[in-house]
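So you know, we letter chains A, B, ... as the sequences are listed, proteins then strands, and number each from 1. FYI, side chains are in, hydrogens and waters are out, and symmetry mates aren't considered; it's all heavy atoms of this structure.
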Protein chains: 2
Amino acid sequence: MAQTTEHASRSSCPLACTLDVIGDHWSLLVIRDLMFLGRHEYKDMLNAEEGISTNILSDRLKRLEAGGLIDSIPHPESGRRKLYYLLPKGKDLVHVLTHMARWANQHLSPLVRIPPEKRALLVNKPDKLIEITLQQLDEWEKQFLKKKNKKG
Amino acid sequence: MAQTTEHASRSSCPLACTLDVIGDHWSLLVIRDLMFLGRHEYKDMLNAEEGISTNILSDRLKRLEAGGLIDSIPHPESGRRKLYYLLPKGKDLVHVLTHMARWANQHLSPLVRIPPEKRALLVNKPDKLIEITLQQLDEWEKQFLKKKNKKG
DNA sequence: TTTTACTACTTGCGAAATGCAAGTAAATGG
DNA sequence: CCATTTACTTGCATTTCGCAAGTAGTAAAA
C-alpha cells in the first residue's frame, strides 16, 4: 500500500488519499490511455496529443506500477518493446474517469470531441459504456496475458 | 468557457479537458471542502488537515471562480469575511468525487477514515449519498444566497 | 478613541516538479 | 556490420509549490 506521491497526505480523507495517488495532470491521462484508447506502449502514450514529456511519462509509469494500478510485460513480438496494462486497482478507476468525461461533455462541450456513438453511450448509458470498456480490457488480457497468470 | 490552467490542452479528449480544469492536487480538495465538509471560508480551507499554502489556496479559488465552478459573497455577519460556494458546474463534480471516495475505500482502506454511516451510504447507496449532498448544498444556498439571486 | 485581533489575501525566496532536447543502452531489422 | 527502434535517462531552464513574513481592510476589545 505504497504512498507514491510527493503529497504524502496528513489526511485520512478518502478524497485526499486518492489525490495523493492520482491527483496530478498526467497520471490519469496514462490510465485513460490504457483504459479507453488501447495505448499499451510507451511510445504510444508519448505520441498522444497531450504531449507528455519522456521523463514525466517514465516517472508516472513507475509510480502507477509502484502503487499497484498497472503492470507490464515484454511485448510478445519483440524484446525491446514493452506492454503496460491496468491491474484491477487501476481498472476500478473506470467510474471516476467515466464521470469525468460526462462532466466535460456537459460543461466543456465546445472544446470536447467525442465520437457520436460513444457520446450517446456516455450520456444515456454510462454503465453500459463502463461494461463494454471492462470487457475490452478483459479481451486484451486474454490475448496478451494468457500465457502467464501474472498478477491477473 | 475559460481555460484556466497552465496545461492548455492540445487535446479534445474530454478527460484531458477536464484535467486541464481540475487536474491538480489542490483544486479538487477545495471543491471537496465546499461540497462535503461545509468549509465555505478561506480560513476553514486553510486549516484543513492537508495543509494547503495561502498562495496556492488563493490561486485555486481564483481559478475555480474564473472557470465558473465556484463563486463568492461577502459574509452576512462581517465585512472582512467571505463565503465561497459551488456553482452548478462545480456541483456536477459530485459524481466524480463520490466515485473517487469509493475507490479509496476499496483500495486504500488502511489509510482512509470514513464515519460509519457515511461509509455505509458510500458503499451501498452512492446515489443516495449524492442526493443528500446536493440537498445540503441547496439548504446552504437558501440560507445564504436567498437575498440575492446571484448566479444561483 | 486607540489598540489589538481577525480575515483574506500578497510577496519574496528557496525547494520541488515539469518541460525540452539531447543522450544512452539494448534489441532488432536491413 | 550498421542503422533504426524502443524505453528510458540526463542536464538544464522554466514553472509551480511551500514557507513564512507582510499588507490592507474590518471588526472587537480596551
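Side-chain proximity of B:K82 to C:dC9, C:dT18, D:dA7: nearest is C:dC9. Side chain of B:S53, nearest nucleotide from C:dG19, D:dC19, C:dA8: D:dC19. Candidate nucleotides C:dA8, D:dC8, D:dT6 were compared by shortest atom distance to the side chain of A:Y84, and D:dC8 ranks first. Set against D:dC17, C:dT7, C:dA17, the side chain of B:R63 has D:dC17 as its closest nucleotide.
The CG-P distance, from B:L61 to D:dC17, rounds to 14 Å in whole Å. The distance between atom CG of A:D44 and atom C1' of D:dA7, rounded to the nearest whole Å, is 12 Å. In this structure, NE2 of A:H75 is placed 11 Å from P of C:dG29, rounded to the nearest angstrom. If you take CD1 of B:I56 and C1' of C:dC13, they are 14 Å apart, rounded to a whole angstrom. Taking atom CE of residue A:M45 and atom P of nucleotide D:dA7, one finds them 9 Å apart after rounding to whole Å. Rounded to whole Å, atom C1' of D:dT15 lies 12 Å from atom CG of B:D59. To the nearest angstrom, P of C:dA8 lies 9 Å from CG of B:L83. Distance, A:H25 NE2 to C:dG19 C1': 12 Å, rounded to whole Å.
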Can you tabulate the close N/O pairs, meaning under 3.5 Å, that link protein atoms to atoms of nucleotides 25-29 of chain D?
from: D:dT26; atom 1: O3'; to: B:G79; atom 2: N; distance (Å): 3.4
from: D:dT26; atom 1: O2; to: B:R80; atom 2: NH1; distance (Å): 2.9
from: D:dA27; atom 1: OP1; to: B:G79; atom 2: N; distance (Å): 2.8

Which protein N or O atoms sit under 3.5 Å from an N or O of nucleotides 10-12 of chain C?
from: C:dT10; atom 1: OP2; to: B:S58; atom 2: OG; distance (Å): 3.2
from: C:dT10; atom 1: OP2; to: B:K62; atom 2: NZ; distance (Å): 2.6
from: C:dT10; atom 1: O4; to: B:T54; atom 2: OG1; distance (Å): 2.6

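Follow the hydrophobic side-chain contacts under 4.5 Å out from A:L97 and you never reach A:V123; the two are in separate clusters.
Along DNA chain C, the nucleotide closest to B:K43 and the one closest to A:D24 are compared, and the more 5′ of them pairs with B:K43.
B:I52 CD1 to B:D59 CG: the interatomic distance, rounded to the nearest 0.5 Å, is 9.0 Å.
Annotation: salt bridge (Lys or Arg N to Asp or Glu O under 4.0 Å) contacts involving residues 103-128 of chain B, sequence neighbours excluded, comprise B:K128-B:E131. Among residue pairs with one or both ends in residues 29-40 of chain B, those qualifying as salt bridge (Lys or Arg N to Asp or Glu O under 4.0 Å) are B:R32-B:E50, B:D33-B:R39, B:R39-B:E49; sequence neighbours excluded.
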Decide yes or no on side chain to side chain contact (heavy atoms under 4.5 Å, CB included) for A:Y85 and A:F144, but give the supporting numbers first. CA-CA 10 Å; A:Y85 61 98; A:F144 291 100; over 6 Å; no
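In this structure, B:W26 does not reach the D:dT16 phosphate: none of its side-chain N or O atoms is under 4.0 Å from OP1 or OP2.
Between A:L57 and A:Y42 the shortest heavy-atom distance is CD2-O, 3.4 Å.
A:H95 is linked by a side-chain hydrogen bond (donor to acceptor under 3.5 Å, both in side chains) to nothing, counting only residues two or more places apart in sequence or in another chain. Listed by chain and residue number, B:R60 satisfy the salt bridge (Lys or Arg N to Asp or Glu O under 4.0 Å) test with B:D24 (two or more places apart in sequence, or in another chain).
A side-chain contact (heavy atoms from CB on, under 4.5 Å) with A:M35 holds for exactly one of A:L28, A:V30, A:V94, A:L134; it is A:V94.
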